[in-house]
2 protein chains.
Amino acid sequence: MSPQRRSGLGTNQEAIRRHNLGTLLRHVHGAGQISRAELTTLMGLNRSTIAGLVGELESLGISERATAPEGARQGAGRPSAGVRIAQDGPYVIAVDLGVDRAVVARVGLGGQVLQRAQAPVSSDGEAWQVGAAVAALIRAVVEDVPGSSSLVGIGISVPGLVRRSDGLVRLAPNLEWHDVSFGGIVLAALGLDIPVSIANDADLGALAEHTRGAGVGVDDLIYVSGNVGVGAGVIAGGHRLEGAGGYAGEVGHLRFNPDGRPCHCGNQGCWETEVGAHAIAEAIQCPAAKVAQLDEVLDGFDQASPELRATGTALGQGLASIVNSFNPQLVVLGGYFRSLYRLVSTEVNAGLADRALPAPLESVTLALPGLGADSALLGAAEIALEPLFVDPVAALGTALDDVQARLAG
Amino acid sequence: MSPQRRSGLGTNQEAIRRHNLGTLLRHVHGAGQISRAELTTLMGLNRSTIAGLVGELESLGISERATAPEGARQGAGRPSAGVRIAQDGPYVIAVDLGVDRAVVARVGLGGQVLQRAQAPVSSDGEAWQVGAAVAALIRAVVEDVPGSSSLVGIGISVPGLVRRSDGLVRLAPNLEWHDVSFGGIVLAALGLDIPVSIANDADLGALAEHTRGAGVGVDDLIYVSGNVGVGAGVIAGGHRLEGAGGYAGEVGHLRFNPDGRPCHCGNQGCWETEVGAHAIAEAIQCPAAKVAQLDEVLDGFDQASPELRATGTALGQGLASIVNSFNPQLVVLGGYFRSLYRLVSTEVNAGLADRALPAPLESVTLALPGLGADSALLGAAEIALEPLFVDPVAALGTALDDVQARLAG
DNA sequence: GTCGTTCCGTCCTATCGCACAACAAATTCT
DNA sequence: AGAATTTGTTGTGCGATAGGACGGAACGAC
């Protein structure tokens, strides 16, 4: 997650300071609270340098001094002063657009959800209607913002293909969107002009699980999301795998069974036709109206039917292709796969072990999300916070104060 | 390809110098010759800083001053002095281990093959026999090394799964190797102790094509290699995609046709059973003995049979799964796919267009390797050179002088 | 052919960031 | 209670890049 993927540029001293300040903040953000001594070890810098950086962060109002917690003494010596995210520090708005509902949260550094609101969204709604609904939720969520806090940006998670160059939603099958500039729509509905980042829900799930979920410290992981459609987000070498256009991870349309059912993409037998929500709904005879809440329906089961077990096998076998392709250390099963895996973990594991190559198989683990259903939401917060870790001073400079007043007007 | 994937470390001034010197060298290496003015623009540093870095590189004996080439004047002003790789600069040994032959080359900075040798390798040979053969080739290749040149390391390309933590060859099906420490074997046969880097041939093909082949400037590309087995190397975001163990890109065992032929991996209908060398040999009724030279056999055709065209379709359809998963900007078809694509490009393109999602499809291009059959060889050189770009001073410090004399003794 | 323009290399100085050493402070261990 | 240990603070030094002044080398116009 280091910010630096500079192409071939050189580094000057100004860049050092930016980078070190951003990295320091990233550590504080990741840990919530951390001592200066730990920072010294982690970053490999001198005590005095860390002191200078921490001082700058405090004078920016981002962090504040904290005494070490009671229990955790580890030896002799003067205890190290703690650094923790400030109370009224900068925050972002995170939006998780689902198939049938939108969740909006105000999230501070450290990943804490400070305020939260949600509302149902009709699946046949026009994009501008959804945008208006989201804008209303955003207004609700900034109700009680302290005046000194400033808004850094908005992050939006969308269940669809998002072009990374400009954030255009190319295709969101379940919302029936084609080429929708949803970021612009939300900004227009708010009457604001601040940085908006949009990305695919599975990509953001992977990011959040990597930062503060089941995949902390794991640099190669995949978040497979069952969310009506099936998609994956990939963290490779500690960085998001985006692909040339931003569409990497569309594993739902991996070829699975050439004689299988037709897929909405136009082909036949895509993996999604076997493990997608509609296939599972059919396996458990769930009415079509409740497909969007498939996870809750599945949670109501305590035993798996043979049909459902076959689905589990298909899930495992498809994961094998993913494991062979990406060789992740961890595969996180998100969306309704969370509920499904609880019922048919045996079949999933068997299907995976059956079809994966021995070498990639031995290093991979399946896991459930550490963030529950909030992975994508917190991932949206992460991408909105990202500018702070690249250059804290600049990001705070463009952040917006007094959002509540501006939105009221 | 920037060296910086520092996890969460800070940067000190020493690191700046290292990084800038390495980045400068990387630019010279990539371009062969480049002017200081261009370096100033590319790296965003001051003229005087570039001058200092170039001076250090020259005093290290890595680069030398060059006058600008004749034709290329672009306007008024004093022409900028060129920087070019020194004549007797450091070099590496690159080894490309194929199924039936080994190629060894002495490669200098700039990617120039200075000397080259090859020999057939029996496919049922023990690893130590192959190691001895490779060692003999290495001795041949350092015959005429100038005394002032020093050897930085050895890079080896292997057609199999290589564990990245220690370079162990976990599995090389066509050599029938299991858990072979080939780097150690070669070093023992040479009686030397220098850095050895080993990696999968497709991974190295991707790296070389990215650095100096068909994918220069393309940060998301995939090199699909047909080399008896089928594998892929992935460059994502300008960096190698290695995966947790180093096994990423094993696309030969993607599920393709569940009712298909049995694969040596134990499953049925892997993609490799449709587009692997044995399948193609069958389609063109090529005798089993010539499977290893499939590319030459295919080059003898000038028209494709219906069976071969079906193989082309299968190739394209399988590529669609890869394109959907990785969203590359470029797919380079290496190994015997080079020859195959010349015959059945129509079918490959059609199969890809048929099965890939529109969004990833629109940004992808198929291409032949810019380095011909040398992709993996030059990729092996690249990984061996890598330490020079991370820290030129340190890498030169551990480099070996007078290799010829040491190997003779 | 000469002069002006333009761009580049070289030298010197300034600025900035981190490392280092010395000292003071706050705990733990004996 | 005192020694030992670790950390925060402060002042100094080193090193890397930036910036400006100067001279050199080529191009273009008159």
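Numbers restart at 1 for each chain; the letters A, B, ... are given by sequence-line order, proteins then strands. The shown structure was predicted, so the numbers you read here are calculated from the model rather than taken from an experiment.
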Presence of A/Arg36 side-chain N/O under 4.0 Å of D/dT9 phosphate oxygens OP1/OP2: yes
Which of A/Leu400, A/Val152, A/Leu60 passes side chain to side chain contact (heavy atoms under 4.5 Å, CB included) with A/Pro90? Answer is A/Val152
Ranking D/dG8, C/dC18, D/dG23 by distance to the side chain of A/Arg78, first place goes to D/dG8
Handout entry: Whether A/Arg26 side chain and A/Glu386 backbone form a donor-acceptor pair below 3.5 Å
Key = no
For nucleotides 28-30 of chain D, which of its nitrogen or oxygen atoms have a protein nitrogen or oxygen under 3.5 Å away, and what is each distance?
none

Which of B/Val234, B/Ile235, B/Asp203 passes side chain to side chain contact (heavy atoms under 4.5 Å, CB included) with B/Leu241? It is B/Val234
Rounded to whole Å, CD1 of A/Ile16 lies from C1' of D/dG15 at a distance of 10 Å
Side-chain donor-acceptor pairs of residues 42-51 of chain A under 3.5 Å, sequence neighbours excluded:
residue : atom : partner : partner atom : Å
A/Asn46 : OD1  : A/Ser48 : N            : 2.9
A/Asn46 : OD1  : A/Ser48 : OG           : 2.9

Quick one: do A/Glu242 and A/Arg163 satisfy salt bridge (Lys or Arg N to Asp or Glu O under 4.0 Å)? Show the steps, please.
-> CA-CA 10 Å; A/Glu242 298 189 90; A/Arg163 184 161 68 195; over 6 Å; no
Relative to each other, are the rings of B/His239 and A/His239 parallel, tilted or perpendicular (30° and 60° limits)? parallel
Worksheet entry | Base C/dG17 paired with A/Arg17 side chain (donor-acceptor, <3.5 Å) | no
Q.
Just checking A/Glu14: does its CD atom have more than 12 heavy atoms from other residues, nucleotides or ligands closer to it than 6.0 angstrom?
A. no
Smallest heavy-atom separation, B/Pro392 atom then B/Ile62 atom, equals CB-CD1, 4.4 Å
Atom CG of B/Asn46 and atom P of D/dG15 are separated, to the nearest Å, by 20 Å
The nucleotide from C/dC7, D/dT17, C/dA26 with an atom nearest the side chain of A/Pro79 is C/dA26
Inset, instruction - Answer yes or no: side-chain N or O of B/Glu14 and base N or O of C/dG17 forming a donor-acceptor pair under 3.5 Å. - result: no
Exercise for the section: Salt-bridge test for A/Asp220 and B/Arg164: reply yes if a basic N is under 4.0 Å from a carboxylate O, no otherwise. Expected result: yes
Considering only heavy side-chain atoms of A/Arg47, the closest of C/dT10, D/dT7, D/dA25 is D/dT7
B/Arg65 has its side chain closest, among D/dA16, D/dG8, C/dG9, to C/dG9
Contact check, residues 48-61 of chain A vs DNA chain C, heavy-atom distance under 4.0 Å, returns A/Ser48, A/Thr49
A/Glu38 atom CD is separated from D/dG8 atom C1', nearest whole Å, by 16 Å
- request: Looking at every strand, decide which applies to A/Asn12 at a 4.0 Å heavy-atom threshold: base, sugar-phosphate, or nothing.
  value: sugar-phosphate
Here the distance between atom P of C/dC18 and atom NE2 of A/His19, to the nearest Å, is 11 Å
Contacts of A/Gln13 and A/Gly77 projected onto DNA chain C by closest heavy atom; the upstream (5') one is A/Gln13
Original post:
So does A/Asn20 get a side-chain nitrogen or oxygen closer than 4.0 Å to the phosphate oxygens (OP1/OP2) of C/dG17?
Top reply: no
